[in-house]
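One-based numbering, in listed order, for ligands and for the atoms of each. Residue numbers run from 1 in the order of the sequence given.
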Amino acid sequence: MAWKTLDDMDLSGKVVLTRVDINVPVKDGKVTDATRIERIKPTIDDILAKGGKPVLMAHFGRPKGQVVPEMSLGLIKDAVAEVLGVPVKFATDCIGGPAKEAVEELGTGEVLLLENTRFHKGETDNDGQFAASLAALGDVYVNDAFSAAHRAHGSTEGVAKLLPSCAGRLMQAELSALESALSTPERPVVAVVGGAKVSTKLDLLGNLVRKVDYLVIGGGMANTFLAAEGVDVGKSLCEHDLAETAREITKKAGEAGCEIVLPVDVVVAREFKAGAENETVPTTECPADAMILDAGPKSVEKISKILDGAKTLIWNGPLGAFEIEPFDMATNAAAQKAAELSKAGKLVSVAGGGDTVAALNKAGAADDFTYISTAGGAFLEWMEGKELPGVVALG
Ligand code: 3PG
Ligand code: MG
């Protein structure tokens, strides 16, 4: 890799400005999923073990340059301390007097959490002066926030240029998992891409067809591809205006030797609700007054066979309306198949982005995947083949 890691840095007695992503879901004052906090623990442990003083910079929500009390990181300070298992101090501002004093008072073995960086407009504007104020607090910069690396912000990009910098352990893990899935994968490589709309994933599909051997398309997106081939998808979610684009992607795939895999049978219903009366029909026989809500068992069988022969899988997005039963069938079955193969050491499986982790968790498959990314938007941008500013700045 082109960037330094914690192994390359002398941290003894140093103040280590560490960008983390602890943008976690909170309900009624409680953190409902602490995964992102758990995943930064190896980095914090290593910094402490090397005699460094970790000072955490992070954002929380999108306060747009204003102080928004409900988006204060003070609200999750105790949850951070509990997961990290060390005392966590808090500074009421991420720059200036309060931050400087808190850094000076920080003892060995303690962690300092700075207030939400996005309370300052300079963060999202990637303002040079704001980045300099952050840099003034520390000796070394560690970026462990892969999931925020698609943002060119002061704490993810600006400050990296001002201090000796390196990648944290989670950043390293994310990058190496993604590289093994798409940059230097063992073939055949399968991509499963689902979700509602083609329009949000055009760049992603365009990049993937050049890199993978099979592109399995599911969810509402599949309907757009089917309709583009002249299939009547009835009342299904479908972007008819993107028919030409879908045909172009299919053509590009053909030229690159990538097989696009669409459902051969589908589960259709008249209402979008849990338990709605439904039937399974061949894809070409969707009734005019019905909508496709899931892929059918024959489609799952086809996907399973492809997975059986594959060495690498990259997964983003559900195959059907997984949030309402029984239209989670195809997503669950394909996810469980991938999990089984991964557990047996036959498949390297990497998943990430938005709804994906929720869908794999619901399927009980997430634990057996080779790697589950903590990233939403950053994972998608990486799948699109884009350079992530936070990663580039470390190079
Ligand atoms: C996320 O939750 O996806 C990251 O923390 C990035 O947040 P953002 O989309 O507000 O930049
Ligand atoms: Mg996001």
Any N or O of Arg151 closer than 3.5 Å to N or O of ligand 1: yes
Proximity winner for atom 6 (C) of ligand 1, if only heavy atoms of Arg36, His59, His153, Arg62 are counted: His59
Is there a donor in the side chain of Asp368 and an acceptor in the side chain of Ser342, or the other way round, less than 3.5 Å apart? no
Do Thr92 and Glu115 have side-chain N/O donor and acceptor atoms under 3.5 Å apart? no
Below 4.0 angstrom, N of the basic side chain to O of the carboxylate: do Lys100 and Asp93 qualify? no
Note: Lys89-Glu110 ion pair, threshold 4.0 Å (strictly below): yes
Selection from Asp21, Leu380, Thr374 by shortest heavy-atom distance to atom 5 (O) of ligand 1: Asp21
Is there at least one pair of N or O atoms, one from Asn23 and one from ligand 1, spaced under 3.5 Å apart? yes
Those atoms of ligand 1 less than 4.0 Å from some heavy atom in Ser147: 4 (C), 6 (C)
Could Arg39 and Tyr371 be counted as a cation-pi pair, given that NZ or CZ must be under 6.0 Å from the ring centre and within 45° of the axis? yes
